[in-house]
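What follows is one structure encoded as structure tokens, with my remarks underneath.
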Amino acid sequence: MNLQASHIPVITLLTDFGLEDEYVGVMKGVILSINPRVDLIDITHNITRHDIRQAALTVDVSFRYFPKGSPKGSIHVIVVDPGVGGNRKVLCLQQEGHFFVAPDNGVLTMVVQDGRAEKICSITNKKYFLKPVSDTFHGRDIFAPAAAHLSKGIDMLCLGQEIPLSDITRLDVPAPFVSATNELVGAVILIDHFGNLVTNISEATFERFKDGARSREVVIRLGRSKIQGVSKSYDSVKIGSAVAVFGSRNLLEISLNQGDARTYFKARIGQAVRVKL
Amino acid sequence: MNLQASHIPVITLLTDFGLEDEYVGVMKGVILSINPRVDLIDITHNITRHDIRQAALTVDVSFRYFPKGSPKGSIHVIVVDPGVGGNRKVLCLQQEGHFFVAPDNGVLTMVVQDGRAEKICSITNKKYFLKPVSDTFHGRDIFAPAAAHLSKGIDMLCLGQEIPLSDITRLDVPAPFVSATNELVGAVILIDHFGNLVTNISEATFERFKDGARSREVVIRLGRSKIQGVSKSYDSVKIGSAVAVFGSRNLLEISLNQGDARTYFKARIGQAVRVKL
Amino acid sequence: MNLQASHIPVITLLTDFGLEDEYVGVMKGVILSINPRVDLIDITHNITRHDIRQAALTVDVSFRYFPKGSPKGSIHVIVVDPGVGGNRKVLCLQQEGHFFVAPDNGVLTMVVQDGRAEKICSITNKKYFLKPVSDTFHGRDIFAPAAAHLSKGIDMLCLGQEIPLSDITRLDVPAPFVSATNELVGAVILIDHFGNLVTNISEATFERFKDGARSREVVIRLGRSKIQGVSKSYDSVKIGSAVAVFGSRNLLEISLNQGDARTYFKARIGQAVRVKL
């Protein structure tokens, strides 16, 4: 029974469609019309409209938690696609036991940045499109049917022709650096539902920077505010106090215990975060 | 295996319940308690409270993307039901290989307007209700169990007695018309998450009106604003510019490429949209 | 087929994670990686951040609508967990053919208040954790894997050691009382998406209080406003008028027919509601 179970493929959906319209439901209807034996999981549909960068981060921190497999694996459909109907490609990527169906606009930047991509193709085979193909909703007419057919086990190269990895569009992603004054300088890259400020400073980068010094001896600066040390968890400090932790993405976060750091610090995406010994 | 797969019925849910309370989850619990072998798909739960017209449009543009079948087919449950507990009927409609379970308040107006309804009944058989039946949540106590039993294959006439199609409540739906000054006059009927203004002018109506003229020669007017021509896709124009396209519902839409036409045009539902050659 | 069907376990999720981030999707990925044969149902993810009281009420009014069973039954995962990473326990509770996985912070107060809890354990067995265990997201690393393993049929005591029911944290829940002036005094405990004001006065308490008097003879007071009698349903009064009904939770609600009682009465959680004969 276990074996049979493991053959139910998972298709995840990540879009900027919101939850007011029928768009997400319709994509699921198209998928189930092609393959009724899939598990459909929403990652989020509340990516800020047209925010490719935010989508790229979100897919990268989520896909590894889904079942991987060979030849199947989970199929991740990303529809943050301001260029729909234009001449951007639609990609299918195979990597680490997962498939990705996404527009060629940079949303796969973080996924492929470690060089683990195995195969990539441009989805062009109209045989697998839903007809007629609209020029405003490729999620329904191209992405959803491609994912559904993949979940039924067709070879990804049936969907179109292979292209070199170097051909795909990538975002310019700022990395943390060490400044002339010997500070580790990162940036706020995500602000979550709780108002936690997620930075691009990974635990590995932080450890390399502090080189054996104690975590509670560093000072973290955001604008004019200072936080002493990196703590274990939110409740290492009093309720309402600021705290720096390594969050669930293994990235440095600035938080308020049971509060909203976004409001408290008037923080915004892109704001610098400085770590000093 | 394909055969087996196609026997998993789909139940879709469309409500104005929002996503804060337990209402949607509880309906799903009731359904799974009766039939654990269904796929439950949310169309949306963010219909504006009590907005029967918006719900009617949304069900009509979504149901055809779901698996249809005979005798089963998908089951579409619509709970936008301001008259709950009063004397409005609860309907079950069979049409085009789909079933609909909905209050008799007009939410099925667009679905039945082309005269394709096959059978309709008033759900009255208390045997299939969840007891005790509340007077404020028929979605849980009547609609959900009815859909679950339908998905298990009972004949819809077990749920209640057949009624003539002419008996059901219909909304007054304004249609586009040609004015004395030879303009095609439609209206904004939906505004989506992206701020796209969806009109009631279908591609067929538009083609008949312009009678062979080129799409780029028409002028579209919304208030004092003018848009030249109907374009292929959003990115046919510069970012931030207004554009008219036929969207994914085959209806004329006024959009802003990567922007929000609702805000830009200060648009509202019901506003006139005029097309001139 | 029915038998087979009833063996698909249901896992429900109730959190304060919101729907912007990947958190909910990631929990589902973890569960499906351990047991692909589960139905995952969202109760809500829009509990007010860190509002344990609201979560406790919501789980109590929803769980009984899900399939129960022996030895399996539905598994209800509750992640409203401001103390994550601190020293609060993680609980697994068995009751009435259901399982609950929740932090020991009071969210199970209403579930256990009638003394129907059968067994309770503190989840401590690291064998069933996702590693490495973060200090900010136990929903992913402890709750989700525990629920998935339970759904595969492991004995709940494999997850940790049994603890006495008297050990668990409980909220102080105000109950309605009869005042010196012989009024039944309750409070608004929930305000739903429609603006309905849900009180803590159950139908049984109300019946006992009025002791045979007619429902339409009571007067209900909220601030300076008065409502005459308890009606059958919202549409027992004119559109826009105030009405008191027993809602779908068997609790007295103050509503506006097709309107928003929260706005109309400027109501808030905790506000007193008085019933007088």
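To find a chain, count down the sequence lines: A is the first, B the second, and so on, and within it residues start at 1. All figures in this text were calculated on a predicted structure; none of them were measured in a lab.
When the candidates R249(C), H45(C), R64(C) are compared by the number of heavy-atom contacts under 4.5 Å with chain B, R249(C) comes out ahead. Highest contact tally toward chain C, considering only S33(B), G18(B), A144(B), is held by S33(B) [criterion: heavy-atom pairs under 4.5 Å]. Between chain C and the options L40(B), I31(B), D16(B), heavy-atom pairs under 4.5 Å are most frequent for D16(B).
By the 4.0 Å N-to-carboxylate-O rule, K28(B) lies too far from D42(C) to be salt-bridged with it.
T58(C) and E22(B) make their closest contact through CG2-CB, 3.9 Å (heavy atoms, listed as atom of the first residue, atom of the second, distance). The shortest non-hydrogen separation linking S233(C) to V84(B) is CB-O, 3.9 Å. Pairing each heavy atom of N46(C) with each of L19(B), the nearest pair is ND2-O, 3.0 Å.
Annotation for Y264(B): atom OH does not count as buried by contact number, only 12 or fewer foreign heavy atoms lying within 6.0 Å.
A donor-acceptor contact shorter than 3.5 Å is absent between the side chain of S248(C) and the backbone of F137(B). The closest donor-acceptor contact from the side chain of D21(B) to the backbone of H193(C) lies under 3.5 Å.
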Stepwise side chain to side chain contact (heavy atoms under 4.5 Å, CB included) test for D39(C) and L32(B)
CA-CA 9 Å; D39(C) 277 327; L32(B) 292 174; 3.8 Å; yes

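In this structure, a donor-acceptor pair under 3.5 Å is absent between the side chains of Y234(C) and D135(B). No side-chain donor-acceptor contact under 3.5 Å links H50(B) and Q258(C).
When the salt bridge (Lys or Arg N to Asp or Glu O under 4.0 Å) test is applied to K266(B), no partner is found at least two apart in sequence or on another chain.
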